[in-house]
Amino acid sequence: GARSRAREKQAAAEARTILVAIREYRQEYGRWPAQIQATQDTSYVINNWIVIQTLLGSNVTHPLFGRKLNPKNKIFLPLQVSSNNPDYAGNYLDPWGIPYLICMDENEDNKLYIPTNFLWSYAASNTSGRLIGETNILFTNTFDAPTSVGVASMGGSSNNLPLNTWSEMW
C-alpha cells in the first residue's frame, strides 16, 4: 500500500510540473506546445515526446509541418533524466512505466474533449531496451471537462483505463 501511495504522489507531482511547463510555454509563444491546428483538441499519449522534448528545451521540429517548436531553446520543464525516463522514443512515463496523457484545448472552447475508442498498445522500454511498462490504453468513456489543459497518469496495469484516472488538471 505504501509503495502504491508513493507512486500516486509522484505521478500527481509530475503532472503538476508538466502542467506548469505547458502554461509557461503558452505564455512565451502564444500557442500550445506542438500545436498543429485549431479545430479540435489534441491528445498525446504514446507520442507525448513531442510535447515533453519541446518543454525540455530541445529545438524539436514538428514532424508534419517542419516548424521549430522551441526556437529559443528555452527550458520550461527541468526534469531529471533517469534510465527509465524518457523512454526510448522520448516519451515521459509515469511511475508505472506508462506514458502520461497530455491534452490541450487547441480549439479554445475552454474545455477538453477526448472521444472514446482510441486504443494504443504500448510497451515502454528504457534507453537500454529493458521493458518497463506494458498496457493497452483504451479510453472507456468520453471525457469532456471545462479546462484548457490536462495531464493524466494512467497508473497501474489496467488494460481498460477510464478517464477518471486524471492526476491533475488546470
Side-chain angles (χ1 to χ4, degrees), residues 1-25 32-36 41-58 60-63 69-70 75-104 112-143 145 147 149-170:
R3 181 175 287 201
S4 178
R5 286 189 300 276
R7 284 181 174 178
E8 289 170 7
K9 285 180 98 175
Q10 178 185 350
E14 289 174 350
R16 280 190 298 276
T17 301
I18 294 167
L19 283 167
V20 168
I22 290 170
R23 289 287 186 164
E24 290 175 0
Y25 178 96
W32 298 112
Q35 184 167 348
I36 59 172
D41 300 336
T42 302
S43 299
Y44 302 88
V45 180
I46 62 171
N47 60 344
N48 82 23
W49 67 268
I50 194 165
V51 174
I52 296 297
Q53 296 303 314
T54 299
L55 297 173
L56 288 172
S58 301
V60 175
T61 300
H62 197 286
L69 297 176
N70 190 351
I75 297 172
F76 298 94
L77 186 61
L79 291 178
Q80 294 180 350
V81 176
S82 70
S83 62
N84 293 341
N85 252 323
D87 72 357
Y88 70 96
N91 293 304
Y92 196 65
L93 308 177
D94 69 14
W96 294 270
I98 306 302
Y100 280 98
L101 167 63
I102 301 170
C103 186
M104 293 169 276
L112 295 180
Y113 177 74
I114 304 171
T116 58
N117 299 325
F118 285 129
L119 173 64
W120 294 282
S121 291
Y122 183 77
S125 297
N126 69 10
T127 52
S128 65
R130 184 176 65 82
L131 183 66
I132 53 178
E134 185 169 15
T135 193
N136 292 317
I137 300 169
L138 173 63
F139 298 141
T140 56
N141 60 310
T142 299
F143 183 75
T147 188
V149 62
V151 178
S153 166
M154 295 296 139
S157 60
S158 171
N159 283 338
N160 293 311
L161 300 166
L163 283 176
N164 61 5
T165 58
W166 285 77
S167 292
E168 188 74 30
M169 284 186 279
W170 198 301

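The first residue of the sequence shown is numbered 1, and numbering continues consecutively from there.
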Quiz item: Which heavy-atom pair separates Glu14 from Tyr92 by the least distance, and what is that distance?
Solution: OE2-OH, 3.3 Å
Quiz prompt | Minimum heavy-atom distance Gln10-Tyr100, with the two atoms named | solution = O-OH, 4.3 Å
Quiz prompt | Value rounded to 0.5 Å, distance of CD in Gln53 from CG in Asn91 | solution = 8.5 Å
Quiz item: With side chains defined as the heavy atoms from C-beta onward, is the minimum distance between Ile52 and Ile102 less than 4.5 Å?
Solution: yes
Quiz item: For the residue pair Trp32 and Tyr25, what are the closest heavy atoms and their distance?
Solution: C-CE2, 3.6 Å
Quiz item: With a 4.5 Å limit on heavy-atom distance, are the side chains of Ser58 and Asn70 in contact?
Solution: no
Quiz item: Could you state the interatomic distance from CG (Leu77) to CG (Leu55), rounded to the nearest 0.5 Å?
Solution: 5.5 Å
Self-check item: Pairwise side-chain contact, Val60 with Trp49, heavy-atom cut-off 4.5 Å (strictly under)
Solution: yes
Quiz item: Atom OG1 of Thr17 and atom CD1 of Ile22: how far apart are they, to the nearest 0.5 Å?
Solution: 11.0 Å
Quiz item: Can any side-chain N or O of Asp94 pair as donor or acceptor with the backbone N or O of Pro99 at less than 3.5 Å?
Solution: no
Quiz item: Do Asn48 and Leu93 come within less than 4.5 Å of each other through their side chains, counting heavy atoms only?
Solution: no
Quiz item: Within the distance-only criterion (no hydrogens, no angle test), does the side chain of Tyr44 pair as donor or acceptor with the backbone N or O of Ala34 below 3.5 angstrom?
Solution: yes
